[in-house]
Amino acid sequence: SYTYNTMISACAAGAQVDEAERLYAEMKSERREECLPTRVTFNALLDVYGKAKDLEKAKTVIREMVLQGQSPNRVTYNELMSAFAQQGHWQEAEELFNAMEGHWGLHPDVFSFSTLLSAYSRAGEVSKVEPLLLKMNAYGCPPNLITYNTLVDVYGRSGMLKEMEGVMEEMERCGCTPDIVTWNTLIRSYGQAQNQEGMVNAIQRLMGSGCRPRIRTYSTLIDAYTACGMADDALSVYRSMKEAGHTPNTLTLLSLLSPLGQAGKWKEAEEIAETVRRVKGVQL
RNA sequence: CCUAUAAG
């Protein structure tokens with residue numbers, strides 16, 4: 001069972017629905033007691049459907065689970081909420097959040113709260129955030145790094161930079177050390193707000209933090225510099241990235257198009273666009 | 001053994 005569960009769970013990364021269903025069927029056909037699907041199996045399957053954005057099938061898993069005499073747990077609900085959150089359906093996510101308590105007496109945990117926050121973030125529902133934080137506190141559920149990162153994200157996306165920095169201060173007060181996700185989010189937010197001073201300052205904070213930039217960090221930097229009209233800096237990020245031994249991916253290349261255009265380097269921009277078209281079926 | 005956050 002553990003083996004099957006692990007393999008099904010591994011299908012989530014690539015949204016390999018067919019493979020997951022194959023494994024699930026194979027599992028049932030093994031008549032051994034030790035290989036029957038458990039709640040963890042259903043959760044793993046539900047996660048695969050969620051990652052594949054198949055909300056209908058994801059919902060079906062709960063029914064199937066109940067039919068087989070298994071009850072959903074917090075993980076089940078958190079995964080389903082997450083599936084809705086990814087699609088921007090914050091109302092459905094909220095309903096599930098309430099239903100998990102109402103129908104099964106399951107108390108939300110820090111995953112539940114962070115997931116609902118991310119649903120609000122994607123939908124730009126900032127006004128929902130404060131009340132949820134109060135509820136979190138009332139439940140005695142302390143925020144963790146991911147919760148804080150999600151909060152930085154909500155406020156950053158909405159251009160509420162003061163509130164965003166407030167979250168950074170609270171993290172510091174609580175001894176929660178920012179990670180590379182925090183910095184990427186912060187930099188992106190200032191870039192999106194075209195706040196050059198804040199952006200440059202955020203980049204310095206990243207560099208002083210000791211966090212290692214990831215491939216995503218570089219495209220975030222390129223985008224942010226470009227948004228602030230600093231095409232030359234954006235292009236030099238690309239050089240440092242290659243010097244640091246990172247291989248550009250499609251998203252990196254796409255990020256390069258605007259600074260190249262901004263700098264009037266149309267020929268190079270066209271070459272990159274052509275490369276992207278060749279390796280990927282992307283529409284530009 | 002399963003779940004939450006960041007780049008076009």
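Every heavy atom of this structure was used, including side-chain atoms; hydrogens, water molecules and symmetry mates were not. Each chain gets a letter, A, B and so on, in the order the sequences are listed, and its residues count up from 1. Everything quoted here is computed from the prediction, not taken from an experiment.
Between L206(A) and T182(A) there is no side-chain heavy-atom pair separated by less than 4.5 Å. Looking at N43(A) and M65(A), their side chains come closer than 4.5 Å, going by heavy atoms from C-beta outward. Proximity of N98(A) to E101(A): side-chain heavy atoms (C-beta onward) are nowhere separated by under 4.5 Å. Residues K53(A) and Q87(A) meet the side-chain proximity criterion, which asks for heavy atoms closer than 4.5 Å.
Within the 4.0 angstrom heavy-atom criterion, base atoms lie near S219(A).
Of the candidates G8(B), C2(B), U5(B), G8(B) carries the atom nearest the D223(A) side chain, counting heavy atoms from C-beta on. Among C1(B), U3(B), G8(B), the nucleotide with an atom closest to any side-chain atom of L254(A) is G8(B). Nearest nucleotide to the E79(A) side chain, out of A6(B), C2(B), U5(B): C2(B). Here the nucleotide nearest the side chain of V75(A), chosen from G8(B), C2(B), U5(B), is C2(B). Here the nucleotide nearest the side chain of S9(A), chosen from A4(B), U3(B), A6(B), is U3(B). Nearest nucleotide to the L251(A) side chain, out of C2(B), A4(B), A7(B): A7(B). In this structure, the nucleotide among A6(B), A7(B), U3(B) sitting nearest to the side chain of S255(A) is A7(B). Counting only heavy atoms from C-beta on, S118(A) has its side chain closest to U5(B) among A7(B), G8(B), U5(B).
More than 12 heavy atoms of other residues, nucleotides or ligands lie within 6.0 Å of CD in E270(A), so this atom counts as buried by the packing criterion.
Atom CD in Q87(A) sits about 14 Å away from atom P in A4(B), given to the nearest Å. I215(A) has its CD1 atom 14 Å from the C1' atom of A6(B), to the nearest Å. Going from atom CD1 of I203(A) over to atom C1' of A7(B) covers 13 Å, rounded to whole Å. We find that CZ of R205(A) is positioned 16 Å from C1' of A6(B), with the value rounded to whole Å. To the nearest angstrom, P of U5(B) lies 11 Å from CG of N78(A). Between the P atom of U3(B) and the CE atom of M81(A) lies a distance of 16 Å, rounded to the nearest Å. If you take CZ of F97(A) and P of A4(B), they are 17 Å apart, rounded to a whole angstrom. In this structure, CD1 of I8(A) is placed 12 Å from P of C2(B), rounded to the nearest angstrom.
D233(A) and S236(A) share no side-chain donor-acceptor pair at under 3.5 Å.
Applying a 4.0 Å cut-off to non-hydrogen atoms, the residues of residues 226-249 of chain A that approach RNA chain B are N249(A), listed by residue number. Interface residues of residues 122-135 of chain A facing RNA chain B, ordered by number: R122(A); criterion, heavy-atom separation under 4.0 Å. Within residues 186-201 of chain A, the residues having any heavy atom closer than 4.0 Å to RNA chain B are, in order of number, R188(A). In the region residues 136-159 of chain A, proximity to RNA chain B at under 4.0 angstrom, judged on heavy atoms, holds for N144(A), I146(A), N149(A), T150(A), D153(A), R157(A).
Annotation: side chain to side chain contact (heavy atoms under 4.5 Å, CB included) contacts of A20(A) (sequence neighbours excluded): I8(A), C11(A), L45(A), V48(A).
Checked by atom type and distance alone, the side chain of R122(A) never pairs as donor or acceptor with a backbone atom of Y120(A) at under 3.5 Å.
Of the charged side-chain nitrogens involved, none lies within less than 4.0 Å of a carboxylate oxygen, so that E95(A) and K59(A) do not count as a salt-bridged pair. A salt bridge links E274(A) with R277(A): the closest approach of a Lys/Arg side-chain nitrogen to an acidic carboxylate oxygen falls below 4.0 angstrom.
Relative ring orientation between Y139(A) and F113(A) is described as perpendicular, the plane-to-plane angle rising above 60° on a 0-90° scale split at 30° and 60°.
Sorted by first then second residue, the side chain to side chain donor-acceptor pair (under 3.5 Å) pairs that include residues 5-21 of chain A, not counting sequence neighbours, are N5(A)-T41(A), E19(A)-R22(A), E21(A)-Y49(A), E21(A)-K57(A).
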Trace of the side chain to side chain contact (heavy atoms under 4.5 Å, CB included) decision for F111(A) with R74(A): CA-CA 9 Å; F111(A) 280 74; R74(A) 239 184 309 230; over 6 Å; no
Is there a side chain to side chain donor-acceptor pair (under 3.5 Å) between S114(A) and T147(A)? Walk through the geometry before answering. CA-CA 5 Å; S114(A) 301; T147(A) 317; 3.0 Å; yes
N73(A) and T76(A): CA distance, side-chain angles, deciding distance, side chain to side chain donor-acceptor pair (under 3.5 Å) verdict: CA-CA 5 Å; N73(A) 65 4; T76(A) 318; 2.9 Å; yes
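Between K51(A) and the phosphate of A4(B), there is a side-chain N or O to OP1/OP2 separation shorter than 4.0 Å.
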